[in-house]
Every structure is written in structure tokens, then in C-alpha cells.
Amino acid sequence: MRRMLICGLAAFGWASGLRAQPVPARDLWEFPLGAIFEPPALANEPGAGLWNPATVAVPPGERFRIGVASLATGSAQGVDGQLLAGAWRRPSGNTLGFSVARAAINGLVRTESDPQSVGNIAYNTTLVSLTAARSLTPHLTAGLAVRWRNGQADQESRDAVAADLGAVLHDLPWRNARVALSSFLWRPGREIEDRPAVLMAADIRIAGAAETRQARMGYSESAVNRGARERGPYLSGRFDRVEARAGYFRGSAGAGTVSRVRTGLALYYARFVVGIAREEGISGLGPVYQFTLSSLIK
């Protein structure tokens, strides 16, 4: 864990020394890629640690976790995203993770003096993350991530390095409570230009006594510096191989406010988890659909 901390501090220094120009397409990371089914700060499917580095931790008794996620909107000019991730638990108890995520807006066309299209306009972003996590106490898991991000808007393309910290308090004595907190895309000294986010979530068990048969209730909140804010409650319930979730969130950006409903189902079969989720309420883009698949390997 000491080596992990040293690497994270080195990344902080590197990130703070990069040029101050903002990286294009930052707004695409306000879509919860891989985290429609679960609140971002607690999302561990498909096991990427994308939003909270601490959630990449592979449980004891397992060695590897691999996962993929795909997000798409139901309109011609919509957002789509893909995520590929893997994690390895070492004998020391440290988990090392790697993920590649990409998001883009499709259907942006270039026009000149008339409506006739003369080509497409590129608007996309790619995020590569190296993540490490470890259980510090029986109830506390912490993690850090070093990220390289590229953004392209038409002919403009820039990149930057960011470093994030996250923690999850879990299996607490009172109602099996969980509390999570993390940063996202933090570039020290560049907070105004690159708009990092702070993510938080907490939930408790409200019924059931086993992990595979329980109902939980929680609250999630996220805030982007000088950007969108989102908060709201959610419910989840699992019965053996099936888990269902629903949440109601209110997001604001500037003077505008929008309500979003997220629902999803996950199926646990052998060592695989398959999930599908839907978000409604984004004006002009239609529903957002997400598919996830992950597997634990001994």
C-alpha cells in the first residue's frame, strides 16, 4: 500500500504540472457509464473501479475479475459508451486494476451554407485508468487511480493526467451500513479548468439477513466543480439469483433542473453477473440503456 501511495502522489505532481487548457468532451463523463444500475460511488459491477477506485477490490478467495459495460441512448444524435476492465488480487491482499472507457456523441454532422452534410464532427473522449485498492481494516477499503484522458472536439484534441482517491466503509454493525466517498478526474491545481467531481453514497439493509436475500435503501449524491449536480434516493432488493434496483434523482446544471428515474435488473449465474439498466428523463436524448457483464475467477 505504501508503494501505491507513492505512485499516487507522483501522479498528483505530474497532473498539476500539465498545461492548463481544458480537455474537450469533459461533459461526456457526466453520463454514468457502468453506474446506472448502482450509485457511482458504490458501483462494483462490472468491477472497474471507474468512479471509485476502492470498489475495484477483489474479495478474498478470488483472484481475478473481468467485466464489460455498454451504454447507449435511444436517439440518432445520442451518446454511447463502452468500458472494458480487469482486476487482479495479489497474495499480499492488494488489488490492481486496469480499465479503458470511451464515450462519444454520434450523428454530429458538418454543414456549410446549406443543410447538406459535408462530413461528421468528432466529439469523443477516452479514459485509461490504472487502479489499486486494499482493505485497511475489516470495515474500510481504500483505493487510488492514475488516469490518462484524451478528448476530441472536431479538430481539437488534448489530453491530461488525473489522480483520484476513494474509500468505502462496509459491513458496519448497524444494519450492515455502507458509506462511500471518492473523487473523479482530479487534477490538482487545475480544478477550474478541468472540473473534477466528488461522489458520495450510503445505504443500509432494511430487510433480510443474508447477502443473497435482502433489501437495501440508500442515497447518492455527486457534484462536478462548476458543473452538474445530482442527488436522490434508491432502493435495491436481491432474492437468490435476481437483483432489482430503482432510483429517483434530480440533476441540476446552471438554472436548469431535470428528474431522472433509473431502474435495472441483474442476474447472478455461477460466477457471472449480467445486468441491464435504463435511465429516463434526459431531455432530447431519449432513454439511456446500459448492459454489463462481469465474472470472478479463482
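Positions are given from 1, in the same order as the sequence printed here.
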Residues clustering with F37 (ILVMFWY side chains joined when closer than 4.5 Å, directly or via others):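 Answer for F37: none, a lone residue.
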Co-members of L235 in a cluster of I, L, V, M, F, W and Y side chains, linked at under 4.5 Å: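 Joined to L235, directly or through intermediates: W174, I204, I206, M217.
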Check ion pair D159-R149 (N to O, under 4.0 angstrom):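 No.
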Salt bridge (charged side-chain N to carboxylate O under 4.0 Å, His left out) evaluation trace for E230 with R260: CA-CA 9 Å; E230 181 182 89; R260 298 170 179 170; 3.0 Å; yes
Which residues share a ring pair (Phe, Tyr, Trp, His ring centres under 6.0 Å) with W51, sequence neighbours left out: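 Checked W51 against ring pair (Phe, Tyr, Trp, His ring centres under 6.0 Å); matches are F184.
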Side chains of [X] and [Y] in contact at under 4.5 Å (non-hydrogen atoms):
| X | Y | value |
| --- | --- | --- |
| V168 | V179 | no |
| E38 | E45 | yes |
| T55 | L42 | no |
| H139 | L172 | yes |
| R178 | R216 | yes |
| Y123 | Q152 | no |
| D164 | R147 | yes |
| R195 | E30 | yes |

Between [atom1] on residue [X] and [atom2] on residue [Y], distance to nearest 0.5 Å:
| X | Y | atom1 | atom2 | value |
| --- | --- | --- | --- | --- |
| N94 | S135 | CG | OG | 9.5 Å |
| F272 | L267 | CZ | CG | 12.0 Å |
| N176 | Q214 | CG | CD | 6.5 Å |
| L28 | N124 | CG | CG | 8.0 Å |

In one Ile/Leu/Val/Met/Phe/Trp/Tyr side-chain cluster, 4.5 Å: I36, I276: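 In one cluster: no.
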Shared hydrophobic cluster, L293 / L265 (ILVMFWY, side-chain heavy atoms < 4.5 Å):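 L293 and L265: separate clusters.
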Is a side-chain N or O of [X] found less than 3.5 angstrom from the main chain of [Y], in a donor-acceptor match?
| X | Y | value |
| --- | --- | --- |
| R229 | G251 | no |
| T73 | V79 | yes |
| S220 | G232 | no |
| T137 | L140 | yes |
| R205 | A209 | yes |

Chi angles and distances behind the side chain to side chain contact (heavy atoms under 4.5 Å, CB included) call for R262, Y234: CA-CA 9 Å; R262 292 177 184 155; Y234 63 91; over 6 Å; no
Quick check: closest heavy atoms across [X] and [Y], and the distance to 0.1 Å?
| X | Y | result |
| --- | --- | --- |
| V58 | A87 | CG2-CB, 3.9 Å |
| V56 | A133 | CG1-CB, 3.6 Å |
| S157 | N150 | OG-ND2, 3.2 Å |
| M200 | A202 | SD-N, 4.2 Å |
| E279 | P32 | OE1-CG, 4.0 Å |
| R134 | S92 | NH1-O, 2.7 Å |

Under the side-chain contact (heavy atoms from CB on, under 4.5 Å) test, residues paired with Q82 that sit two or more places apart: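 Q82 satisfies side-chain contact (heavy atoms from CB on, under 4.5 Å) with D80, R102 once adjacent residues are dropped.
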Pairs where residues 237-261 contributes a residue and the test ring pair (Phe, Tyr, Trp, His ring centres under 6.0 Å) is met, not counting sequence neighbours: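 For residues 237-261, and leaving out neighbouring residues, there are no ring pair (Phe, Tyr, Trp, His ring centres under 6.0 Å) pairs at all.
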Derivation and outcome, salt bridge (charged side-chain N to carboxylate O under 4.0 Å, His left out), residues R231 and E221: CA-CA 4 Å; R231 60 176 63 90; E221 184 165 354; 3.1 Å; yes
Residue pair L185, W29: steps toward the side chain to side chain contact (heavy atoms under 4.5 Å, CB included) verdict: CA-CA 9 Å; L185 299 181; W29 294 115; 4.0 Å; yes
Steps toward side chain to side chain contact (heavy atoms under 4.5 Å, CB included) verdict (N52, L199): CA-CA 8 Å; N52 184 346; L199 313 173; 5.8 Å; no
Criterion side chain to side chain contact (heavy atoms under 4.5 Å, CB included) on H170 and T141, from CA distance to verdict: CA-CA 8 Å; H170 52 87; T141 300; 3.0 Å; yes
P46: which of L84, V273, L83, V68 passes side chain to side chain contact (heavy atoms under 4.5 Å, CB included):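 When side chain to side chain contact (heavy atoms under 4.5 Å, CB included) is applied between P46 and each of L84, V273, L83, V68, only L83 qualifies.
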Could you list the donor-acceptor pairs under 3.5 angstrom formed between side-chain atoms of residues 59-66 and any protein atom two or more places apart in sequence or on another chain?
residue	atom	partner	partner atom	Å
E62	OE1	R271	NH2	2.1
E62	OE2	R271	NH2	3.0

Between Y289 and R278: side-chain donor-acceptor atoms closer than 3.5 Å: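 There is such a pair between these side chains.
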